[in-house]
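See structure below.
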Protein chains: 2
Amino acid sequence: MLPTIKDVAKKAQVSVATVSRVLHNLPGYSDITKQKVLKAIEDLGYQPNAIARGLINKRTQTIGVLFPNVSSYFSAGLLHGIEEVANERGFSVIVCNTDGKRTIKYLQVLREKQVDGIVFASEELKDEYYQALTDMRVPFVLVNNQSHKYSIPYIKVDDRQASYQATQYLIQKGHREIAMLAGTQSDPIAGTPRVEGFRQALSDYGIAFHESRIAYGDFLLEGGRIAMRRLLDEAAPFSALFAAGDEMAIGAMGVALERGLRIPEDLSIIGYDDLVIAQMVFPPLTTVHQPLTEMGQLASKKLITMIESSDPVSSSIVMHHIVERNTVKELNQYK
Amino acid sequence: MLPTIKDVAKKAQVSVATVSRVLHNLPGYSDITKQKVLKAIEDLGYQPNAIARGLINKRTQTIGVLFPNVSSYFSAGLLHGIEEVANERGFSVIVCNTDGKRTIKYLQVLREKQVDGIVFASEELKDEYYQALTDMRVPFVLVNNQSHKYSIPYIKVDDRQASYQATQYLIQKGHREIAMLAGTQSDPIAGTPRVEGFRQALSDYGIAFHESRIAYGDFLLEGGRIAMRRLLDEAAPFSALFAAGDEMAIGAMGVALERGLRIPEDLSIIGYDDLVIAQMVFPPLTTVHQPLTEMGQLASKKLITMIESSDPVSSSIVMHHIVERNTVKELNQYK
DNA sequence: GTGAAAGCGCTAACAT
DNA sequence: ATGTTAGCGCTTTCAC
């Protein structure tokens, strides 16, 4: 049995109340008692029981984080940031991999475990989830994700604008025949807005939009490969490609290379996300950087602010930027 | 305030003991009371408080996982497996990013939070950690890591053998001039054993070992790049390279490509780990597969077995295997 | 300056 | 079949 506060009290020959006082640096004991207590704690190797504390304080100093897929690079980056500031502020984090179907179940678990707040990442906030979340009466924030229906603090980049700029970047490098590898068509967060940004940029620069030059993937490597083949086989020729996710961009690079296309000489590619792999592939991928760690940090900060002060916090649109590496060629005619 | 068992009892007009009984499907109540209780639970939206439960049961149904770096691909894969089976068995997981220096602090937190067990991943088990761990009196397992001093269940691949086989694979493809990109020289887990396997294979096949043909990196991309340049500049020429980690292998690929070497035509490369990126680079990397998810699953299974039965469990050497992709060329003279 | 005691939400032994 | 009660380890009010 681990030593409890009672053991300490007995050993120091004081009451548990006094032990508790010195534990919390509250006033009300002589210096000599303090020493006795400290010594007893030391001798016994006593450490307070956070469970018992939590029962009284109604605070567990624990937050829950829900991801659809913990092992994606994306989640890993966010988690890193979330865990970092949570830790600094004295909170632990319970990770939950919803796999897109265990969300409700996990919310229940988190409620039973009495977490003090929740980070809800990369998944659409369905009504059902919203309901469960508000029922628990703890604050929560959305990451890489936003709700139009409810006003919940969120942290994300402006997908539409980032896509616009990625497209614009290609245009400014002299490209006019540009194809797009879009994400899941139905995805209201990372799907539609990125396509809109792309189309808007083309339109603003007076470039006709060819429906054939857009193919839909699922953000994953293999989906990117398949969509890329379709593009290469069926679309009007293009000199540049905007992929709405790095994995897809990398899949596309592979397909292009297999077909003997050199990158960027024969085909320019710009990705989206700036996953760590973007700098590992050859040639290194030019892409839109999303500050994942920072987003995670912000999420924790906002959440903990809400937990500790219960006053409302604002949402954040974090800055993306284009990281120029070696997959986009400047076309001669513009030089 | 969330409803408590008392609220349910009052509403159902029974005692809390009865509510507790139906909650746990224990015998001792009529069907009619059961209905009343169930209805009250439903109406109130009651969910039990796991903190209060934990205080009594001395079980929190929570495990802690310590990683030196949560956001590495490596940890992400392990975490995935760990979380998956933990969840199936009714446990939550608290992640801790030790960053190589917060280990002791985290162990303290996990103790205070009364976790039921701990997965200690990818970090050397120093005496100090061992001490803290045993002091908490909860079971723990080691992943990708092992202790020679203490007998703690661990899960890992046989690094020495895997390296031997990777080297052997190159030899069997006809290569005799083989260089190695090793990991951190002092790393007793993933460093030394891999070098030993490499040397042993060369020796067994009667190939002389050139000290110049081995360069040390740090398992990371950039370290791999630097070491590769050194190899290319200073080592006796070689037709094949064994990199003790995929990130380093990919860094080496980039350097080779930059120098105009074609892979695998001019240089064959085999990696180690089979991180998801291995299949994303071009050409796809031949490498030694480590079943990360499976290792994570095993870790959870063993740990939970220890928690629930407190009888000892064995260690596991999990199977690696070589995944043949396109970075190793079969040399003509052997055809 | 210090202690006794109530109680957080729940379980389990003991009554009835 | 159902209720009463004593804690689990801690915090905190109230006495002294």
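In what follows, chains are A, B, ... by sequence order, proteins preceding strands, each numbered from 1. Fair warning: this is a prediction, and the values are worked out from it, not measured in the lab.
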* To do: Only counting residues at least two apart or in another chain, list the ones meeting side chain to side chain contact (heavy atoms under 4.5 Å, CB included) with A:T4.
  => A:K6, A:D7
* Gap between atoms NZ and P, on A:K10 and C:dG3 respectively (whole Å) -> 15 Å
* Structure fact -> 5' to 3', nucleotides 7-16 of chain C under a 4.0 Å protein heavy-atom cut-off (B base, S sugar-phosphate only, - none) gives BBBBBBB---
* Asked: Between A:Y130 and A:Y150, is the ring centre distance below 6.0 Å?
  -> yes
* For B:E123, which of B:N69, B:T103, B:N144 qualifies under side-chain hydrogen bond (donor to acceptor under 3.5 Å, both in side chains)? -> B:T103
* To do: Report the residues that fulfil side-chain hydrogen bond (donor to acceptor under 3.5 Å, both in side chains) with B:S309, sequence neighbours left out, ordered by chain and then residue number.
  => B:D311
* Asked: Do the side-chain N and O atoms of A:K34 and A:T18 include a donor-acceptor pair separated by under 3.5 angstrom?
  -> no
* **Nucleotide range of DNA chain D lying under 4.0 Å from chain B heavy atoms** => D:dA1 to D:dG9
* Structure fact -> Terminal axes of the helix from C:dG1-D:dC16 to C:dT16-D:dA1 (5 end pairs apiece), angle rounded to 10 degrees, sit apart by 50°
* Asked: Does a salt bridge link A:D127 with A:K149, judged by any charged N lying under 4.0 Å from a carboxylate O?
  -> yes
* To do: Return yes if a side-chain donor-acceptor contact under 3.5 Å exists between A:Q290 and A:D273, otherwise no.
  => yes
* Asked: Do A:S300 and A:I63 come close enough that some side-chain heavy atom pair is under 4.5 Å?
  -> yes
* Asked: Does the side chain of A:I118 come within less than 4.5 Å of A:L303's, by heavy atoms?
  -> no
* Are there more than 12 heavy atoms of other residues, nucleotides or ligands under 6.0 Å from atom CD of A:E88? -> yes
* To do: Residues of residues 28-40 of chain A with any non-hydrogen atom less than 4.0 angstrom from an atom of DNA chain C: list those, numerically ordered, please.
  => A:G28, A:Y29, A:S30, A:T33
* Are a donor atom and an acceptor atom from the side chains of A:N87 and B:Y106 found within less than 3.5 Å of each other? -> yes
* Would you say the side chains of B:Q61 and B:S92 form a donor-acceptor pair under 3.5 Å? -> no
